[in-house]
Amino acid sequence: MASAYSLAWDVPLLGRNTFHVDARAHCLATVHDATALPSLLAEPALQNLPPMVLGAGSNVLFATDRFAGCLIHLQCDSARIVSDAGDHALVHVDAGFEWDVLVDWTLDRGLQGLENLALIPGQAGAAPIQNIGAYGVEVARFVAAVHVYDRQAGAFERLTTERCEFGYRDSVFKREPDRRIVTAIELLLPKAGATNLSYAGLGEELAAMGGLSPTPRNVAAAVRQIRRRKLPDPAVAGNAGSFFKNPVVTRAVAAELQSRFAGVPVYPSSTDDECKLSAAWLIEQAGWRGVRDGDAAVSAQHALVLVNLGRATGPRLLTLARRVAASVQEKFGIALEPEPRIVGATF
Ligand SMILES: Cc1cc2nc3c(=O)[nH]c(=O)nc-3n(C[C@H](O)[C@H](O)[C@H](O)COP(=O)(O)OP(=O)(O)OC[C@H]3O[C@@H](n4cnc5c(N)ncnc54)[C@H](O)[C@@H]3O)c2cc1C
């Protein structure tokens, strides 16, 4: 029988993070069977190595040349429908399943909901970590449960949605990194009526595509088309998508900002007394769009994306991110918070 996991030492990470940062990891554990996690974590050779789960590396910035711990990469990747209750179906997906492949897998089975989240890179197991979201939809809306191995409790657990404490690009998993290793997710997906066109650009894109009707498949196609046009491709310029979260502020703060600066875009937030600002707008107004520091740059295509135009190191990218945030803070008095996980440094 094939081993449930394998260990490798002094591992290059260049091909394992979408920023294409040339760092190394002391150890990498590749896990083929999540039930073996307790044995893996009990390995004598790993006892003094802090573990960190690494999926596809599309939301991390290695800000150090060397990660001194053990990266855990889950490769279990099956998906199945566990129950079908008429208008909904419950889907169980292993953590290692590729997210964008899952979107098509569900559409192929007549299930809806994930189409707005098409083309987000990464593994399914990472989706609940920052509650991935795009084009008016967050994955939390469809998460029925998250299966984890809780290192603190030394036990496998099934966390229902309430226990995941999902928020805007946030969850209990993000707030307590490395405590719980997500081994699988359960999604409850409707068969009809879930198409979400709240993001205005989607309707416009469908119209531009020849007046396509908003079927889930067409919405996925429109989302993919918009994303390819708007976002820099990590295969061409390394990046981790949006580098900063959109700041959530009180309505009073937003009003004060609008009184000082013309045209500040303000969006609804999850609570009535708060609203969301556009981090991209703030960065652009502070003059950072397209600014380059060596091979580290603020994308000229999208001000919210930091790009590695060649051989930028993690520390160089982090320095640029800090300069951008400091300048937005100085000009607008708004603190920007990074979205990706920064490994080996604090922001
Ligand atoms: C071009 C581009 C576009 C993007 N667009 C979006 C977008 O529209 N919306 C959005 O929300 N995100 C977006 N992202 C960010 C990213 O794709 C998502 O956050 C994705 O879910 C990360 O998956 P991953 O497997 O690459 O995780 P990684 O980057 O490997 O890990 C991210 C974090 O999750 C943790 N983690 C990963 N897997 C597990 C697990 N199984 N158990 C416990 N912890 C785990 C890691 O330790 C780390 O803290 C984009 C990124 C890129 C490069």
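In listed order, ligands and their atoms are each counted from 1.
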*In the protein, which heavy atom is nearest to atom 28 (P) of ligand 1, and how far is it?*
Gly57 N, 3.7 Å
*asked:* Less than 4.0 angstrom from a charged side-chain N to a carboxylate O is my criterion; do Arg341 and Asp178 meet it?
replied: yes
*Verdict with reasoning, Leu188 to Val91, per side-chain contact (heavy atoms from CB on, under 4.5 Å)*: CA-CA 6 Å; Leu188 186 63; Val91 175; over 6 Å; no
*Note the single closest protein heavy atom to atom 46 (C) of ligand 1, along with its residue, its atom name and the distance in Å.*
Val53 O, 3.1 Å
*Examine the side chains of Ser299 and Gln301 and answer whether a donor and an acceptor come within less than 3.5 Å of each other.*
no
_Quick test of your reading of the structure: of Pro51, Ala235, Ala56, Ala34, whose heavy atom lies closest to atom 24 (P) of ligand 1?_
Ala56
*asked:* Give me the residue, atom name and distance of the protein heavy atom closest to atom 31 (O) of ligand 1.
replied: Val60 CG1, 4.0 Å
*Would one find more than 12 heavy atoms of other residues, nucleotides or ligands at under 6.0 Å from atom CD of Gln47?*
yes
*Nearest protein heavy atom with distance in Å, relative to atom 29 (O) of ligand 1*: Asn59 N, 2.7 Å
*asked:* Quick check: Gly241 and ligand 1, any N/O pair under 3.5 Å apart?
replied: no
*If you count the atoms of ligand 1 from 1 in the order shown, which ones are under 4.0 Å from a heavy atom of Thr18?*
53 (C)
*asked:* Once you restrict to heavy atoms under 4.0 Å, what part of Pro121 touches ligand 1? Side chain, backbone, both or neither.
replied: both
*Is any side-chain N of the basic residue among Arg169 and Glu337 closer than 4.0 Å to the acidic one's carboxylate O?*
no
*Which atoms of ligand 1 have any heavy atom of Gly122 under 4.0 Å away?*
23 (O), 24 (P), 25 (O), 26 (O)
*Indicate the ring-plane relationship of Phe332 and Trp281, choosing parallel, tilted or perpendicular according to the 30° and 60° boundaries.*
tilted
*Which residue owns the protein heavy atom closest to atom 41 (N) of ligand 1, what's the atom, and how far is it?*
Val182 O, 3.0 Å
*Sub-4.0 Å atoms of ligand 1 with respect to non-hydrogen atoms of Gly133*: 7 (C), 8 (O), 9 (N), 10 (C), 11 (O)
*Starting from atom 30 (O) of ligand 1, find the nearest protein heavy-atom neighbour and note its residue, name and distance.*
Gly55 N, 2.7 Å
*Can you name the closest pair of heavy atoms from Ile342 and Phe243 and give their distance?*
CD1-CZ, 4.3 Å
_ligand 1 versus Arg341: contacting region, heavy-atom distance under 4.0 Å_ = side chain
*Would you tell me which option among Ser58, Pro340, Ala127, Ala134 has the nearest heavy-atom contact to atom 26 (O) of ligand 1?*
Ser58
*Around atom 14 (N) of ligand 1, find the nearest protein heavy atom and jot down its residue, atom name and distance.*
Ile120 CG2, 4.2 Å
_Just by distance, no angles: are the side chains of Gln130 and Asn59 close enough, under 3.5 Å, to form a donor-acceptor pair?_
yes
*asked:* With a 4.0 Å cut-off on N to O distance, would you call Arg180 and Glu157 a salt bridge?
replied: no
*Using a strict 4.0 Å threshold on nitrogen-to-oxygen distance, state whether Arg311 and Asp22 make a salt bridge.*
no
*Relative to the heavy atoms of Leu74, which atoms of ligand 1 are at a distance of less than 4.0 Å?*
41 (N)
*Take Lys174 and Glu339, measure what salt bridge (Lys or Arg N to Asp or Glu O under 4.0 Å) needs, and give me the verdict at the end.*
CA-CA 10 Å; Lys174 193 162 180 177; Glu339 192 179 294; over 6 Å; no
*With no hydrogens and no angle check, do the side chains of Asp94 and Ser78 hold a donor and an acceptor under 3.5 Å apart?*
yes
*Just going by heavy-atom distances, which of Asp100, Ile132, Ile129 is nearest to atom 35 (C) of ligand 1?*
Ile129
*Would you find a donor on one side and an acceptor on the other, under 3.5 Å apart, between the side chain of Asn131 and the backbone of Ile129?*
no
*Indicate, as side chain, backbone, both or neither, the part of Leu54 found under 4.0 angstrom from ligand 1 when only non-hydrogen atoms are considered.*
both
*Compare His302, Gln130, Lys245, Lys230 and give the one whose heavy atom is closest to atom 10 (C) of ligand 1.*
Gln130
*Just do the salt bridge (Lys or Arg N to Asp or Glu O under 4.0 Å) check on Asp272 and Arg251 with the steps written out, would you?*
CA-CA 8 Å; Asp272 282 348; Arg251 292 213 164 268; over 6 Å; no
*Within a distance under 4.0 Å of any heavy atom of Arg180, pick out the atoms of ligand 1 and give their elements.*
43 (C)
*For atom 37 (C) of ligand 1, which candidate among Ala126, Ala118, Ala240, Ser242 holds the nearest heavy atom?*
Ala126
*Take every heavy atom of Pro234, measure it against each atom of ligand 1, and state whether any distance is under 4.0 Å.*
yes
_Enumerated ligand 1 atoms positioned under 4.0 Å from heavy atoms of Asn239_ = 1 (C), 53 (C)
*Non-hydrogen atoms of Arg227 versus ligand 1: any pair closer than 4.0 Å?*
yes
